[in-house]
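Counting from 1, the numbers follow the sequence of the chain as shown. Computed from a predicted model, the values in this text were never measured in an experiment. Just so you know, ligand 1 is whichever comes first in the structure, and atom 1 is the first atom listed for that ligand.
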Amino acid sequence: MGSSGFSWKLPDHPKLPKGKTIAVVVLDGWGEANPDKYNCIHVADTPTMDSLKKGAPDRWRLVRAHGTAVGLPTEDDMGNSEVGHNALGAGRIYAQGAKLVDLALASGKIYEGEGFNYIKESFGQGTLHLIGLLSDGGVHSRLDQLQLLLKGASERGAKKIRVHILTDGRDVLDGSSVGFVETLENDLSQLRSKGVDAQIASGGGRMHVTMDRYENDWSVVKRGWDAQVLGEAPHKFRNAVEAVKELRKDPKANDQYLPPFVIVDESGKPVGPIVDGDAVVTFNFRADRMVMLAKALEYADFDKFDRVRVPKIRYAGMLQYDGELKLPSHYLVSPPEIERTSGEYLVNNGVRTFACSETVKFGHVTFFWNGNRSGYFNPSMEEYVEVPSDSGITFNVQPKMKALEIAEKARDAILSGKFDQVRVNLPNGDMVGHTGDIEATVVACKVADEAVKMILDAIEKVGGIYVVTADHGNAEDMVKRNKSGQPLLDKNGNIQILTSHTLQPVPIAIGGPGLAPGVRFRTDVPSGGLANVAATVMNLHGFEAPSDYETTLIEVVDK
Ligand SMILES: O=C(O)[C@@H](CO)OP(=O)(O)O
Ligand SMILES: [Mn+2]
Ligand SMILES: [Mn+2]
């Protein structure tokens with residue numbers, strides 16, 4: 001985009017009026033799948049979402065929310081919130097972190113960049129520490145990328161390497177941590193046979209150790225800091241496979257919430273605390289659950305918890321996690337440059353915007369929606385409201401979460417007349433779906449449906465328009481299936497619970513008294529995806545979308 005001649009001004013839509021209040025509702029983790037007893041959305045009482053479906057095909061359809069439709073490497077990649085909200089807000093498909101890292105590793109460019117050269121300075125005297133999520137889930141990180149990085153770094157002079165693992169069980173099956181640790185141990189032993197002193201140094205479950213987000217609970221990050229940096233944890237083991245196996249013996253244990261542990265040598269000393277002169281790489285490509293640790297590692301002024309000891313290190317992220325904050329300042333791969341998002345365009349065209357969710361999804365409808373950018377485009381035109389999430393619990397014990405509070409805020413914003421777009425994320429289907437608790441997920445879906453109703457009722461009152469959609473699947477399928485769709489059993493004959501997202505498409509529904517009578521979904525965008533939603537919403541606000549946006553899903557026929 002050349003600077004000369006560029007204008008934020010959007011052309012008027014030839015047929016659709018401006019000035020309608022539009023509710024944009026994102027149901028997190030709400031896909032469309034065959035109805036059976038593991039489809040919690042089907043099992044739950046969801047009269048509002050059911051009634052929207054009756055508008056098919058003119059005002060209800062499905063859109064793609066996984067794989068290449070959202071910029072992921074392959075069609076086997078399930079959708080996730082980052083790429084889903086990026087696509088929804090940006091209206092274009094960007095090659096996402098997973099893919100950018102793949103390309104940089106394949107071409108070797110990762111080793112030529114500023115970030116790698118910066119950390120490499122420490123390889124002579126210091127240890128290289130790699131911290132991140134150990135699985136092949138592909139949402140935050142990928143095992144094969146870690147493996148390539150280990151190989152590449154050791155070939156380029158890293159003589160002492162320590163890996164600080166976070167077990168998954170959220171993007172992959174619970175219990176799969178053992179296999180991933182065994183694979184990593186095998187790789188590290190091969191490195192040792194080549195003379196590299198390489199070991200796992202610490203670990204813990206991702207939801208209990210390190211990977212909190214949006215500052216919901218700093219104690220999670222502190223537990224990680226204590227283990228990774230200070231070498232202190234309640235559990236000590238001589239090896240990580242044994243650690244994970246032992247800790248999983250607690251009947252309440254699961255991969256997502258394993259307690260922190262450190263690996264110690266024969267004299268009981270931790271094998272890999274982070275000390276002055278070391279290099280650290282956080283190898284997750286996804287931002288939200290790495291930003292807090294990045295702050296703790298990078299900020300001189302930091303008061304979220306007592307770091308006790310702040311080693312002088314060279315730190316790089318796999319990507320830069322926040323472009324506005326320039327955090328971290330060193331990184332191995334440049335993040336996608338998502339610019340000219342729909343939020344920025346609309347604000348520049350006078351659309352007053354309200355966005356709301358609870359803490360655990362707040363950044364989704366703001367930061368991710370706006371192309372991984374924090375803050376307002378224009379504070380006098382926008383208001384972002386965060387409803388505090390419960391912390392320190394798994395959401396199956398509180399499946400209603402803050403859905404109704406979010407809906408109340410949205411309702412009040414709609415009725416206030418102060419906003420043209422009121423955008424929310426309703427987290428329940430996703431956050432409770434990730435716990436693998438089917439009963440609780442059914443409750444979660446019911447309450448999300450109630451929240452949608454509250455918002456739609458407000459839209460009805462003000463003569464507005466609604467757009468109800470989702471960012472990817474989760475709650476619609478809670479069981480791992482074989483290729484023909486049959487539930488898979490484990491060796492004890494129990495079904496294998498699916499805690500992860502899915503490859504399913506998601507619904508999008510439009511309606512409300514403000515929707516012009518001739519508006520309907522086009523039939524010539526059959527493979528439409530989340531990136532087509534931005535142009536659609538721009539049209540409903542009375543504007544044509546920029547020409548490089550993915551095409552709109554709607555047309556206006558004469559009535
Ligand atoms: O909880 C998360 O971090 C991911 C799953 O790893 O879910 P979502 O993409 O919905 O935020
Ligand atoms: Mn999501
Ligand atoms: Mn999720």
Side-chain angles (χ1 to χ4, degrees), residues 25-31 40-41 65-66 70-72 77-89 96-98 132-142 166-174 176-177 205-214 216-217 220-221 254-257 284-293 321 357-369 372 389 391 394-396 401 403 424-437 441 444-445 448 469-478 498-506 530:
V25 179
V26 181
L27 288 146
D28 211 296
W30 190 284
C40 292
I41 297 171
H66 79 286
V70 287
L72 293 170
D77 289 303
M78 59 193 160
N80 70 71
S81 291
E82 176 185 50
V83 300
H85 286 77
N86 279 173
L88 284 165
Q96 287 286 350
L133 183 66
L134 185 70
S135 81
D136 62 5
V139 174
H140 294 269
S141 67
R142 273 206 342 258
L166 301 163
T167 54
D168 191 344
R170 188 175 178 89
D171 301 328
V172 290
L173 293 185
D174 183 45
S176 60
S177 60
R206 58 177 281 176
M207 299 302 285
H208 189 61
V209 177
T210 299
M211 281 174 60
D212 188 44
R213 66 179 164 205
Y214 308 141
N216 193 42
D217 185 358
V220 175
V221 185
N254 60 45
D255 288 349
Q256 294 190 58
Y257 285 90
N284 287 13
F285 43 73
R286 174 162 152 177
D288 56 347
R289 295 189 184 275
M290 277 293 120
V291 162
M292 294 165 75
L293 173 58
Y321 300 128
S357 190
E358 60 172 283
T359 311
V360 292
K361 296 286 180 184
F362 177 67
H364 290 37
V365 272
T366 55
F367 175 82
F368 285 151
W369 190 277
N372 303 342
S389 286
S391 66
T394 55
F395 287 105
N396 56 333
M401 301 182 67
V424 298
N425 174 298
L426 299 170
N428 310 63
D430 182 67
M431 293 301 285
V432 186
H434 279 306
T435 67
D437 181 332
T441 307
C445 294
T469 189
D471 61 340
H472 52 76
N474 184 336
E476 81 287 357
D477 199 4
M478 299 291 288
L498 190 74
T499 53
S500 72
H501 300 165
T502 69
L503 304 170
Q504 294 301 119
V506 300
L530 294 177

Working for side chain to side chain contact (heavy atoms under 4.5 Å, CB included), residues Trp30 and Ile41: CA-CA 8 Å; Trp30 190 284; Ile41 297 171; 3.4 Å; yes
Under 3.5 Å: N/O of Asp288 near N/O of ligand 1: no
Shortest protein heavy-atom distance from atom 8 (P) of ligand 1, along with the residue and atom involved: Ser81 OG, 2.9 Å
Any N/O pair Asp171/ligand 1 closer than 3.5 Å: yes
Contact check, Met211 vs ligand 1, heavy-atom distance below 4.0 Å: no
Partner of Thr167 by side-chain contact (heavy atoms from CB on, under 4.5 Å), out of Ser177, Ser135, Ser176: Ser177
Qualifying residue for side-chain contact (heavy atoms from CB on, under 4.5 Å) with Asp471, from Asp28, Leu27, Val365: Asp28
Polar atom proximity, His140 to ligand 1 (N or O, under 3.5 Å): yes
Trace of the side chain to side chain contact (heavy atoms under 4.5 Å, CB included) decision for Arg206 with Asp255: CA-CA 8 Å; Arg206 58 177 281 176; Asp255 288 349; over 6 Å; no
Centroid-centroid distance, Phe395 to His434, less than 6.0 Å: no
Any N, O or S atom of His472 closer than 2.8 Å to the Mn ion (ligand 2): yes
Evaluation steps, side chain to side chain contact (heavy atoms under 4.5 Å, CB included), between Asp288 and Glu82: CA-CA 8 Å; Asp288 56 347; Glu82 176 185 50; 5.9 Å; no
The Mn ion (ligand 2) to nearest N/O/S of Asp28 less than 2.8 Å: yes
Steps toward side chain to side chain contact (heavy atoms under 4.5 Å, CB included) verdict (Thr210, Met290): CA-CA 8 Å; Thr210 299; Met290 277 293 120; 4.1 Å; yes
His501-ligand 1 polar pair, N/O distance under 3.5 Å: yes
Ligand 1 contacted by Met431 (non-hydrogen, < 4.0 Å): no
Heteroatom N/O/S of Asn474 within less than 2.8 Å of the Mn ion (ligand 2): no
